[in-house]
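Just so it is clear, the values below take in all heavy atoms, side chains as well, and ignore hydrogens, waters and symmetry mates.
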Amino acid sequence: MKEDKSKIGGPDRSRVAGNQQHHEVTFLADKFDISMEQSRNLVERYGNNRAKLEKEAAKLREPDE
């Protein structure tokens, strides 16, 4: 089958790939110092919008003591 030349352009970096959700959960938990459960809940609640996920994860971050 020939490649469809009408489908050009790179992937949408503002979205999380559906098959990368486990990676995203781990990434958010590590980057924002939140629990895996909190991170998983964010992905379930806000879907694959990376900007929204990071904004909400930042709100959950524990303040430095």
Enquirer: Which residues pass the salt bridge (Lys or Arg N to Asp or Glu O under 4.0 Å) test with Lys55, sequence neighbours left out?
Expert: none
Enquirer: Roughly how far apart are Leu53 CG and Arg45 CZ, rounded to 0.5 Å?
Expert: 11.5 Å
Enquirer: Could you tell me whether a side-chain N or O of Gln38 sits under 3.5 Å from a main-chain N or O of Ser35, the two making a donor and an acceptor?
Expert: yes
Enquirer: Enter the distance from Leu60:CG to Asn41:CG here, rounded to the nearest 0.5 Å.
Expert: 9.5 Å
Enquirer: Applying side chain to side chain contact (heavy atoms under 4.5 Å, CB included) to Arg50 and Glu24, what does each step give before you reach the verdict?
Expert: CA-CA 9 Å; Arg50 187 177 306 276; Glu24 189 67 18; 2.9 Å; yes
Enquirer: Please round to the nearest 0.5 Å and tell me the distance separating atom CG of Leu42 and atom NZ of Lys59.
Expert: 10.0 Å
Enquirer: Should Glu54 and Phe27 count as side-chain neighbours, where that means a heavy-atom distance under 4.5 Å?
Expert: yes
Enquirer: Test of understanding: with side chain to side chain contact (heavy atoms under 4.5 Å, CB included), list the residues that count as partners of Asp30, not counting sequence neighbours.
Expert: Thr26
Enquirer: NE2/His22 to OG/Ser39 distance, rounded to the nearest 0.5 angstrom?
Expert: 10.0 Å
Enquirer: Kindly indicate, with the supporting measurements, whether the criterion salt bridge (Lys or Arg N to Asp or Glu O under 4.0 Å) is fulfilled by Glu56 and Lys52.
Expert: CA-CA 6 Å; Glu56 296 301 320; Lys52 184 67 173 174; 3.1 Å; yes
